[in-house]
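Data block below; observations after.
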Amino acid sequence: MREKRKLGSRIRELRGEQGISQRQLALMTGISRSYLWKIETGAADVGVDVLICIAHALDTQVRELIEF
């Protein structure tokens, strides 16, 4: 569970640095805003496909999301 929260915090941090709202990131990735919120709070399991979409939308690599 701790790792999920760290992943979510990292995504939220990168999103904030780029001035992207949750809604915008959800639209960019094709996932729902509620699912993105759950990811960012550590409440959702995240598949590799979703991580790849989020990384592309944030112009970063998946490893940057999961290096804690």
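Note that this is a predicted model, so its numbers are computed, not measured.
- Put simply, I31 and W37 are part of two different groups of oily side chains (I, L, V, M, F, W, Y) that touch within less than 4.5 Å, one to the next.
- Remark: R15 engages E40 in a salt bridge (charged side-chain N to carboxylate O under 4.0 Å, His left out) (not counting sequence neighbours).
- Considering CG of L27 and OG of S21, their distance stands at 8.0 Å, rounded to 0.5 Å.
- Remark: R63 engages Q61 in a side-chain hydrogen bond (donor to acceptor under 3.5 Å, both in side chains) (not counting sequence neighbours).
- Residues forming a side-chain hydrogen bond (donor to acceptor under 3.5 Å, both in side chains) with E13 (at least two apart in sequence, or on another chain): R10.
- By the side chain to side chain contact (heavy atoms under 4.5 Å, CB included) test, S34 pairs with S32, sequence neighbours left out.
- Between the CD1 atom in I39 and the CD1 atom in I11 there is a gap of 6.0 Å [rounded to 0.5 Å].
- Not counting sequence neighbours, the partners of E3 by the side chain to side chain contact (heavy atoms under 4.5 Å, CB included) test are F68.
- The shortest heavy-atom contact between R5 and T41 is CG-O, 3.7 Å.
- Distance CZ/R33 to CZ/R23: 9.0 Å, rounded to 0.5 Å.
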Got a list of side-chain donor-acceptor pairs under 3.5 Å for residues 44-60, not counting sequence neighbours?
{"unit_1": "D45", "atom_1": "OD1", "unit_2": "K4", "atom_2": "NZ", "d": "2.5"}

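- Separating the CG atom in L7 from the CG atom in L65 is a distance of 6.5 Å, to the nearest 0.5 Å.
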